[in-house]
Amino acid sequence: MKFYNKLISWYLQNKRTLPWRETKNPYFIWLSEIMLQQTRVAQGLAYYLKFTETFPTVFDLAKADESTVLKMWQGLGYYSRARNLHYSAKHIANELNGEFPSTYKEIIKLKGIGDYTASAIASICFNEPTAVVDGNVYRVLSRYFGISTAINSTAGIKEFKTIAQSLIDKKQPGTYNQAIMDFGALHCKPQNPLCDSCPFANSCVAFEKKLTKALPVKEKKIKIRKRYFNFLVIKTNNNKTILSERKGKGIWQGLYEFPLIETEQIINKNELISNQYFTDLFPNETTISLFNKKEIVHKLSHQHLYTQFWIVETKSLENATISWESIQDFPVPILISNFLEEFQPKN
DNA sequence: CACGCGTGGGT
DNA sequence: TACCCAAGCGT
């Protein structure tokens, strides 16, 4: 029996029922694929439902402000996905007359869509036999064939793509692609794979050689940078505050935050008020209190943010124009969102 | 092309 | 605890 027959047979008996599996509308498939990049189904599902309800067509998404899109994306992370999604929605609506491109070659030209996503959309929506290679596929193939080439090396990326392409069922590429990913997610799991009940147990190299735990091989591990953030949560006597949009290349681009003083280490109140930026911002008298007695450690994939929220009360400021009631309309990082939840509980 | 980009769950 | 992992992509 061919690899794909065994795989699809497993899939038809074990696949998850998911809303994006009930459609071949490329706009919906696109949405789901972007949301699920580096993201678990359990986390992305609610966002998918919210997006498809609020933006039922690509035109609705294209019409929205980027800030609105980011607000809906808030909490899902990797916010460049949302910005690129919105950018491409405008491109499709305005330049392509709302028609989603229908071949791998055209789909991959869209911003935010790479080899994986183009393959997924082309196969699922347009029946084009282009194999997806995601984290699940790397794991399944490296184990099944006993391949120890690092999955994040240039050689590995090429090797696994070639193998994946050679295994695809050309008559039902979309089903095949989803099958191998679901198999990886549910059966050939990173930890504790279900080898005892595996349909591939009699032909899996890793199972035979007891290499399951050693595969796939991944090179390098990331370095974590420590940063020290001091947010100035301003409350003027006319009940306004300051929020500003993060620009540039770093984290949280396009999201909003309180005025930020970044330091080399944890600081105390005296060090705060002697900071140049602080004295420039507050020429007048202030009342300062530290909201969190112990610094909050917010962990991103490459950074640990040791964070202090300073409540600064002062008389009215020219720059302080944001009313406290309107803060909830701005897209903010989870770190800020969690703070606001504690500082100003709803209801 | 090696690196940076979020958040949450699991061990 | 400190890792690892999750339907990757842009630069």
Side-chain angles (χ1 to χ4, degrees), chain A residues 15-16 18-21 28-48 70 73-85 87-88 107-124 130-140 150-158 160-161 164 174 176-186 188-193 213 216-225 227 246 248-255 297-305 331-338:
Chain A
K15 69 172 178 176
R16 291 171 284 188
L18 299 166
W20 48 86
R21 289 187 171 159
F28 291 142
I29 299 299
W30 174 44
L31 268 182
S32 72
E33 292 299 343
I34 300 299
M35 287 181 172
L36 292 174
Q37 287 169 8
Q38 301 291 284
T39 303
R40 286 186 163 74
V41 167
Q43 193 190 359
L45 181 56
Y47 288 83
Y48 175 83
L70 283 169
W73 200 272
Q74 181 178 307
L76 201 50
Y78 284 157
Y79 297 95
S80 65
R81 293 183 293 172
R83 299 194 307 270
N84 290 334
L85 181 78
Y87 179 94
S88 291
I107 294 168
I108 202 171
K109 290 178 182 172
L110 296 170
K111 203 166 201 174
I113 295 189
D115 178 73
Y116 163 78
T117 305
S119 300
I121 297 172
S123 64
I124 294 168
T130 49
V132 296
V133 183
D134 73 333
N136 294 305
V137 176
Y138 281 124
R139 187 169 54 257
V140 172
I151 61 172
N152 56 347
S153 67
T154 306
I157 292 167
K158 206 176 161 188
F160 283 99
K161 178 75 182 181
Y176 169 85
N177 276 336
Q178 294 187 79
I180 194 167
M181 290 191 286
D182 246 21
F183 181 72
L186 302 175
C188 192
K189 301 181 292 178
Q191 274 89 33
N192 309 314
K213 291 182 85 169
V217 172
K218 204 170 183 177
E219 286 179 341
K220 317 159 199 164
K221 60 169 199 174
I222 60 174
K223 280 185 199 164
I224 303 292
R225 178 158 69 119
R227 301 176 74 180
R246 285 189 72 99
K249 295 229 163 188
I251 58 174
W252 301 330
Q253 190 186 332
L255 275 59
V297 186
H298 186 74
K299 297 177 177 179
L300 291 78
S301 54
H302 287 66
Q303 303 180 22
H304 287 183
L305 309 178
V332 296
I334 281 297
L335 175 60
I336 304 281
S337 173
N338 288 344

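Chain identifiers are assigned alphabetically (A, B, ...) following the order of the sequence lines, protein sequences preceding nucleic acid strands; residue numbering begins at 1 within each chain.
Out of C:dG8, C:dT11, C:dC5, the shortest distance to the side chain of A:K111 is found at C:dT11. Closest contact between the side chain of A:T39 and the listed nucleotides B:dG8, C:dC5, B:dG6 involves B:dG6. Taking every side-chain heavy atom of A:T154 into account, B:dA2 is the closest of B:dA2, C:dG8, B:dG8. When each of B:dT7, C:dC5, B:dC5 is scored by its nearest atom to the side-chain atoms of A:H302, the top-ranked nucleotide is B:dC5. Comparing atom distances between the A:Q43 side chain and each of C:dC5, B:dG6, C:dC9 picks out B:dG6 as nearest.
In this structure, the separation between CG on A:L110 and CG on A:L85 is 10.5 Å, given to the nearest 0.5 Å.
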Note to self: Wobble G-U and Watson-Crick pairs count when both distances are under 3.5 Å; given that, what is the 5' to 3' dot-bracket string of DNA chain B, with | for pairing to other strands?
What the structure shows: .||||.|||||

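In this model, a side-chain donor or acceptor of A:Y78 finds a partner on the base of B:dG6 within 3.5 Å.
Going from atom NZ of A:K213 over to atom P of B:dG10 covers 19 Å, rounded to whole Å. Straight-line distance from the CD atom of A:Q37 to the C1' atom of B:dC5: 12 Å, rounded to whole Å.
Using cut-offs of 30° and 60° for the angle between ring planes, the A:Y138 and A:F160 rings count as perpendicular.
Remark on DNA chain C: of its neighbouring residues A:S32 and A:L110, the 5'-side contact belongs to A:S32, judged by nearest-heavy-atom nucleotide. Closest-nucleotide positions on DNA chain C for A:K249 and A:S80 were compared, and the one nearer the 5' end corresponds to A:S80.
Heavy atoms of A:L300 sit under 4.0 angstrom from at least one base atom. Nucleic acid contact for A:Q191: none, since no nucleic acid atom lies under 4.0 Å from a heavy atom of the residue. Heavy atoms of A:R16 sit under 4.0 angstrom from at least one base atom.
Comparing the C1' positions of C:dA6 and B:dC1 gives a spacing of 23 Å, expressed to the nearest Å. The same atom, P, is picked in C:dT11 and in B:dG6; the two are 14 Å apart, to the nearest Å.
For the salt bridge (Lys or Arg N to Asp or Glu O under 4.0 Å) with A:D182, the lone residue among A:R16, A:K15, A:K189 that qualifies is A:R16.
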